[in-house]
Student: 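Let me begin by handing over the structure; questions about it come next.
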Amino acid sequence: AEQDNGHPLPAYANLIIEILDENNQAPYFQFATYQGYVSESSPVGTTISASANLTAPLGIIALDNDIEETKDPMVKITLDDYTTIFSLTPTGIIRYLRILNPVDREKQMTYTFRVSLQLSAVILKTAFKSTIAYFVYVNLSLLN
């Protein structure tokens, strides 16, 4: 019989087991490619558009099946090329691509580059990082 400070414990006790989700699924982009548009005359800080009429922003969406769809998957998304010309918002389910430096249609009419995901998570106070070999290609066309 179990005792606690000399007093007998009840014959039955409630045992609560909480099962924690293992962070075992790689994050991914919603689409394999994204097409964006921006006007050559757009000022620095302009968000790249999803349509040629420049009415809606281009949202690059990263998801992770280990996390609810309504929560930020807390992934690091990096641009492989043109990091001096474009930037990506650092947090959120939807990330937006912005112009860091002026673009010139006469120098370059389109930009195609890869965007990659990196997962950083903390599970039971043990930090780990794993690079996910998942890339998305972004094609940008400059408009007059």
Student: Take Val103 and Gln108, measure what side chain to side chain contact (heavy atoms under 4.5 Å, CB included) needs, and give me the verdict at the end.
Tutor: CA-CA 8 Å; Val103 289; Gln108 187 167 347; over 6 Å; no

Student: Do you know which two heavy atoms are closest between Ser49 and Ala56, and how far apart they sit?
Tutor: OG-O, 2.8 Å

Student: For the side chain of Thr89 and the backbone of Arg95, is there at least one donor-acceptor N/O pair under 3.5 Å apart?
Tutor: no

Student: Using the rule that Ile, Leu, Val, Met, Phe, Trp and Tyr join whenever any side-chain heavy atoms are under 4.5 Å apart, tell me whether Leu100 and Tyr111 fall into a single cluster.
Tutor: no

Student: Which heavy atom of Ser42 sits nearest a heavy atom of Val38, and at what distance?
Tutor: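 That closest heavy-atom pairing would be OG-CG2, 3.5 Å.
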
Student: Honestly curious: do Tyr96 and Ile85 fall in one hydrophobic cluster under the side-chain, below-4.5 Å linking rule?
Tutor: yes

Student: Does the side chain of Leu88 reach to within under 4.5 Å of the side chain of Val115, using non-hydrogen atoms?
Tutor: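 They are in side-chain contact.
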
Student: Can you tell me how the ring of Tyr82 sits relative to the ring of Phe113, calling it parallel under 30°, perpendicular over 60° and tilted otherwise?
Tutor: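 Tyr82 and Phe113: perpendicular rings.
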
Student: Working note: Arg98 + Ile48, criterion side chain to side chain contact (heavy atoms under 4.5 Å, CB included); need CA distance, chi angles, decisive distance, verdict.
Tutor: CA-CA 6 Å; Arg98 295 196 173 112; Ile48 305 302; over 6 Å; no

Student: Quick one: OH on Tyr37 to CG on Asn53, what's the gap to the nearest 0.5 Å?
Tutor: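 Here the rounded value is 10.0 Å.
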
Student: Just by distance, do the side chain of Arg114 and the backbone of Leu79 share a donor-acceptor pair under 3.5 Å?
Tutor: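 No, Arg114 side chain to Leu79 backbone: no donor-acceptor pair under 3.5 Å.
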
Student: About how many Å separate NZ of Lys71 and CG of Leu63, when rounded to the nearest 0.5 Å?
Tutor: 14.5 Å

Student: What is the minimum heavy-atom distance between Ser39 and Leu54, and which atoms define it?
Tutor: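 Residues Ser39 and Leu54, closest heavy atoms: CB-CD1, 3.9 Å.
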
Student: Which heavy-atom pair separates Ile94 from Gly59 by the least distance, and what is that distance?
Tutor: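 Taking every non-hydrogen atom into account, CG2-CA, 3.4 Å.
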
Student: Calculate, to the nearest 0.5 Å, the distance between atoms CG and CG belonging to Leu97 and Leu58 respectively.
Tutor: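 Taking CG in Leu97 and CG in Leu58, the distance rounds to 6.5 Å.
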
Student: Please check if the side chain of Tyr34 supplies one atom and the backbone of Ile61 the other of a donor-acceptor pair under 3.5 Å.
Tutor: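 Indeed, once roles are kept as given, a pair shorter than 3.5 Å links the two residues.
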
Student: Is Glu40 reaching over with its side chain to a backbone N or O of Asp104, donor-acceptor style, under 3.5 angstrom?
Tutor: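 Absent.
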
